[in-house]
Structures are given as C-alpha cells and as structure tokens.
2 protein chains.
Amino acid sequence: MTDLLTIGELSVRSGVAPSALRYYERLGLIRADRTGGNQRRYARAELRRVAFIRISQQVGVSLDEIRAALESLPGGRTPSPQDWERLSANWRGRLDERIRLLTKLRDDLDGCIGCGCLSLQRCTLNNPGDALAGEGPGARLMLPRPASPDGE
Amino acid sequence: MTDLLTIGELSVRSGVAPSALRYYERLGLIRADRTGGNQRRYARAELRRVAFIRISQQVGVSLDEIRAALESLPGGRTPSPQDWERLSANWRGRLDERIRLLTKLRDDLDGCIGCGCLSLQRCTLNNPGDALAGEGPGARLMLPRPASPDGE
DNA sequence: CTCTAACTTGAAGCGCGCTTCAACTCAAGG
DNA sequence: CCTTGAGTTGAAGCGCGCTTCAAGTTAGAG
C-alpha cells in the first residue's frame, strides 16, 4: 500500500531528517506502525503532525510543549482542522507576545541610539523584568538573572 | 580606589553571574586588570561592555558575533556613544528582520487557521526558504533542512 | 536467490551559553 | 594574626535539539 510512508519518504516530504523523525518519536511527538521486519511505516496523517511540529518550533515553542499540545487533543490523534485552529490560536498569542517584546526592544534601541547612555541602572534597555521571555528552543535568550539581591 | 570593581560588584551591578563574566573574559568579550593576588578588577567602562553584550543577545546575536563587533571598534576599547550608535544601528537591522519574519509567520498562521490545510507542499507556512533565520544564540530555530533533493 | 539501498538500535557527540564543582588562595575587618 | 567571605583555576556537566556512528537487519528490484 502506498498510503504508508517509509521514514525516508516522510523525511523527503517533510524536509525533516530521519534522525529527527526518530527523535520526535522517542519524545512521543509522532508515531509509526512497524512492518514485520520492524521498519517504521507512517500514516499520511503524520505529515500533518510533522508540519505542526515544525511550524510550532518557528513560533518558539519547545518540543516538550508541542508534545503536551498534541497530547491535549481530544481524540489523541493527528490534529484535525478544528484542532489545528485551536492550537494555532494558542501559538498566535505567543507569537504576538514575542513580536511585542522585540518591537519594544527595537524602540528602546532607537531611544538609546541617541543617548548612548547604556546605564545599567537607568536605561530601559536594561530592564530584564520586561524583556524577552523564552525565545527559541534550547536557548535562554532571556537570561534567568541569577540571585542578584540588588534588583535595581 | 573605588573605581575598580571586583567581579562580585560587577556581577551585582550588571545582573550577570560571575561565572558568566569569567566566561565572557575567556571568549575575549571583556577584560580585567589583576591585583597582586591575581583577582580581577574591572574598570567601570566594562559595565558598558557587559550592557552591550546583554542587549545584543536579546537582539539574537551570538557571543561570537558580539566579540567580532567589539573587536571592530577603532580604538579596540569599550564602546563610546558613537560606537554604540553604529553598532546599534547594525543590530537594529537584524531586529527589523526578525520582527518581519515573525510577523509574516503570524499572518501565515492567520491565513491557515481558516483553512486548516497544513499541506506541506503548498501551505505558505511550510516554505522554509523564507522562514526565520538564526534566531537566538545556540538555537537553530530555522532548521538547516538536511539534504532533501525534493525541494518542493 | 542475490544484491544493495534503506532501514534498525543504543550510545556518543555537537554547539551554545553558561553553571557547578573541588581544591585552593586572597582581602580585609575584628 | 586570624577568620571568613570572596576570589581563583580547570574540568566537567547541563539543556535542547538534534546528528553521527557502528554494527547489524530488511525490503524489494533484477
């Protein structure tokens, strides 16, 4: 049957390396049937799951969160258009927030280009309390400022 | 003299952990004089350098690029307001680009929320050629798509 | 049936930006 | 002078999202 994909086919169609697909499976993000010889065979619907994963990553969501989102699906299955809509709306909020923070940073940067102050105490650029939170996966762009009692 | 800071003082004032400051020094991002007993003493100007580093990180610039930027300074010294202006303008372009890409992603997401297609071949969301490039430090948010001859 | 490309696994490694640790030395107040 | 908190080093570890490797097995065309 041609409606089951090998890992190589899924890789080519999704643009995701086989090693990454296996990694996703270990994390519980996608699933595969097995042939008698223990090779993976993916239902076409897994393509959607992979697409959802990659898009979510671009939004800045970690694989762990993506897994949680996928598990939250009523049927536990590949997202239907309705599921997709619900999840997308959720991610959209994050995207909005990221854009908002980056825009604020840009504005602050503009404000500072004129002054050149860079005063750690006063410059708006250096107010971590309101800076970027959780950027990309794996990266702590916003700096979990270590115990610094001098909060100023 | 109180115009030299210990690493602890610089840490508190900058909000950056001592371990990170030592790490920056090893990478050549900041520098310190030494006491007779081999302890670091920072000129106050290093505060500006640290501020510049942290802000640049928020913009999504890697430490290596920040190092290169700092080394590019005419005098090789801590950024003056003019230097700062030049560098900031540079970073600003990156920030603009990041915001542009995220905004595009958001729009695409909106467009897709209605259709729920998620077709890997056709959906604009899945066109890696124009997606986010180099997000935060350390993170490959944009997915160096492995050899996939099927570029569609 | 044979051959080869594609698949399987677990373990280890990578890149970035740090943090943590152990073992030790220094600075400075009482 | 003594004590104690702060500093020093190199090496190792962490978290995330993978990739790479070695050693072996399978699928499917010829």
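Every chain is numbered from 1 and lettered A, B, ... according to where its sequence line falls, protein lines coming before strand lines.
- Side-chain proximity of A:R40 to the nucleotides C:dG17, C:dT8, D:dT9 is greatest for C:dT8.
- Listed by chain and residue number, B:S62, B:R67 satisfy the side-chain contact (heavy atoms from CB on, under 4.5 Å) test with B:D64 (two or more places apart in sequence, or in another chain).
- Looking at the side chain of A:S62, the nearest of the listed nucleotides C:dC18, D:dG17, C:dT9 is D:dG17.
- The minimum heavy-atom distance between A:W91 and A:E65, with the atom names listed, is CH2-O, 4.4 Å.
- For A:Q39, there are no side chain to side chain donor-acceptor pair (under 3.5 Å) partners two or more places apart in sequence or in a different chain.
- Not one side-chain nitrogen or oxygen of B:R67 sits closer than 4.0 Å to the OP1 or OP2 atom of C:dC16.
- In terms of phosphate contacts, A:Y24 brings a side-chain nitrogen or oxygen within less than 4.0 Å of OP1 or OP2 of D:dC18.
- Listed by chain and number, the residues in a side-chain contact (heavy atoms from CB on, under 4.5 Å) with B:R26 are B:Y23 (sequence neighbours excluded).
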Interface polar pairs with nucleotides 1-4 of chain D, N/O, under 3.5 angstrom:
none

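- Taking the C1' atoms of five terminal pairs at each end of the helix from C:dC1-D:dG30 to C:dG30-D:dC1, the two resulting helix axes are inclined by 10°, rounded to 10°.
- Among the nucleotides D:dT9, C:dG17, D:dG17, the one closest to the side chain of B:R22 is D:dT9.
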Sequence-aligned protein contact record of nucleotides 20-30 of chain C, with B where the base is within under 4.0 Å of a protein heavy atom and S where only the sugar-phosphate is: B-----SS---
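- Dashed line: the shortest gap from a side-chain N or O of A:Q57 to OP1 or OP2 of D:dC18 is under 4.0 Å.
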